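Accompanying notes for the structure given below.
Within every chain, numbering begins at 1; the chains are lettered A, B, ... in the order of the sequence lines, protein sequences first and strands thereafter. Computed from a predicted model, the values in this text were never measured in an experiment.
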2 protein chains.
Amino acid sequence: MNIQPLFDYIRNHVTLTSEEETFLASKVSYRKYLKGQFVVQQGDVCKYESFVISGCTKTYYVDTEGQEHIVMFSVEEWWTADLGSFITQTPADYNIQCIENTELIMISSDDIEELYIKIPKLERFFRRVIERALAASQKRIIRSFSMSAKDRFLYFREKYPQIEQRIPQYMIASYLGITKEFLSKIKSQIILEQ
Amino acid sequence: MNIQPLFDYIRNHVTLTSEEETFLASKVSYRKYLKGQFVVQQGDVCKYESFVISGCTKTYYVDTEGQEHIVMFSVEEWWTADLGSFITQTPADYNIQCIENTELIMISSDDIEELYIKIPKLERFFRRVIERALAASQKRIIRSFSMSAKDRFLYFREKYPQIEQRIPQYMIASYLGITKEFLSKIKSQIILEQ
DNA sequence: AGTAAATGTTAGTCTAGATTAACTTTATTT
DNA sequence: AAATAAAGTTAATCTAGACTAACATTTACT
């Protein structure tokens, strides 16, 4: 049970009093998952917003043809949840699965509302986190329409070099919205170029 | 100068005291734009978050090949801004242009921070607005990868029937990430089917 | 070390959607 | 009402990326 990384992360952005820290600590829970386990399954209600202490998760959607589409990866110091399900407490559209052994700090929807009320600084901080995530999400939509698969891959590699290393290529292909075969082709093409 | 619709909109979600309403009124400004005018231009800093009273705007990105990609339309009771530019006060990636004569209520970044501090209920409300927008944006990414152009169009038509009516088809094509010629083909195909 | 499972590659064929270009229809302006 | 511009259509050709399938390599398990 190591929740220190969450405090370090929050301290980088807001200053909490020691009472506030104690209150925060009382509202979070720690949990370990093994590689392959699910944090959320499509159809369940996403009860928690989770902060990744160590490990990595993938959030994906299974379409009507049974195909997996990865929405995001979450590594250390990132948040993960099916946000739509979490905020409305209705069944999730996405699966969140650990692709490594993963340690999470989890906050329930009721507890996070309490935290927001008691510690407005935290609500401000989370609002900003979400604003940034929304701006990033809009840019990703633009990239999906205006860039070729190859350029999207080069962008991904440039932006998340660490993540590229630790994740199987076929998952990166899914995240980029292409097949693993085509990503393989793109990579050999890139190698030929240099 | 008619800011009443903003109050009506906010009243549907949070209850403000009359002092709070007065303070809010002192922090917003009203502005009329003609069809074709720009609220924000790529490269400028997006100074305001705008609430649409009447009319319609398109938010679009011009890529390196000079092609327009529409990110969103904003009609009555919607907010519009280049969020990335607004929150960091750095140059905008997007253009926001009025495609009808448009009335906006605009709030500057400093003023909205003041509002959040003085009226925490408003911060809570906006956090929720943004959370919902982020969940919707993630779903749009999934749709762009898992649905055909035709299905994306049918989804758009189903979800925003009013918007489909008032916007030229070539802009809808741009929003859907396809050419106007292909949307035309899709529409004639749909007509043949029924 | 040897086998099975997971991951990645290569190549051929196919298709959704882009591009080009000529044409039609609908709005706007004078 | 004519002229012009804006929006939408049709059809032919082209291409990025999907799909299929066989094969190669790496990783994990006994």
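- Sparse packing is recorded around CD of A:Glu158, with 12 or fewer heavy atoms of other residues, nucleotides or ligands lying under 6.0 Å away.
- B:Tyr61 and B:Tyr94 have perpendicular rings, their planes meeting at more than 60° on a 0 to 90° scale where under 30° would count as parallel.
- Among B:Phe153, B:Tyr160, B:Phe156, the one residue that satisfies the ring-ring contact (aromatic ring centres under 6.0 Å, His included) test with B:Tyr175 is B:Phe156.
- Transitive grouping of hydrophobic side chains (ILVMFWY, heavy atoms separated by less than 4.5 Å) brings A:Ile178 and A:Ile190 into a common cluster.
- Applying the 6.0 Å contact sphere to NZ of A:Lys47 captures no more than 12 heavy atoms from other residues, nucleotides or ligands.
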What side-chain donor-acceptor pairs closer than 3.5 Å can you find for residues 12-19 of chain B, not counting sequence neighbours?
residue	atom	partner	partner atom	Å
B:Thr17	OG1	B:Glu20	N	3.1
B:Thr17	OG1	B:Glu20	OE1	3.4

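- Within 4.0 Å (heavy atoms only), A:Thr179 reaches sugar-phosphate atoms of the nucleic acid but no base atom.
- Residues that satisfy the side chain to side chain contact (heavy atoms under 4.5 Å, CB included) test with A:Ser54, not counting sequence neighbours, are A:Glu76, A:Glu103.
- In terms of the side-chain hydrogen bond (donor to acceptor under 3.5 Å, both in side chains) criterion, B:Ser174 has no residue partners (sequence neighbours excluded).
- The side chain to side chain contact (heavy atoms under 4.5 Å, CB included) check on A:Thr88 picks up A:Thr90, with sequence neighbours excluded.
- The ring-ring contact (aromatic ring centres under 6.0 Å, His included) contacts involving residues 96-117 of chain A comprise A:Tyr116-A:Phe126, where partners must be two or more places apart or lie in separate chains.
- Take A:Glu193 and apply the side-chain hydrogen bond (donor to acceptor under 3.5 Å, both in side chains) test, not counting sequence neighbours, and it matches A:Lys150.
- Taking every heavy atom of residues 181-191 of chain B and every atom of DNA chain C, pairs under 4.0 Å involve B:Glu181, B:Phe182, by number.
- Checked by atom type and distance alone, the side chain of B:Gln89 pairs as donor or acceptor with a backbone atom of B:Phe86 at under 3.5 Å.
- Interface residues of residues 157-178 of chain A facing DNA chain C, ordered by number: A:Pro168, A:Gln169, A:Tyr170; criterion, heavy-atom separation under 4.0 Å.
- A salt bridge links A:Arg127 with B:Glu113; the closest basic N to acidic carboxylate O contact falls under 4.0 Å.
- Figure legend: cation-pi geometry between B:Lys58 and B:Tyr60, with NZ or CZ positioned under 6.0 Å from the six-membered ring centre and within 45° of its axis.
- Residues from residues 147-155 of chain B lying near DNA chain C, meaning a heavy-atom separation below 4.0 Å, are B:Ser148, B:Ala149, B:Arg152 in numerical order.
- A distance of 6.0 Å or more separates the ring centres of A:Tyr30 and A:Phe51.
- Direction change of the helix axis from one end of the helix from C:dA1-D:dT30 to C:dT30-D:dA1 to the other is 50°, with five pairs defining each end axis (rounded to 10°).
- From the 5' end on, the contacts that DNA chain D makes with chain B at under 4.0 Å to a non-hydrogen atom open and close at D:dA7 to D:dT10.
- Using a 4.0 Å cut-off between charged nitrogen and carboxylate oxygen, B:Glu100 and B:Lys32 do not count as a salt-bridge pair.
- Here chain B contacts DNA chain C (any atom closer than 4.0 Å to a heavy atom, that is under 4.0 Å), and the contacts span C:dG17 to C:dA21 from 5' to 3'.
- Heavy-atom minimum distance, A:Arg140 versus A:Val71: NH1-O, 2.7 Å.
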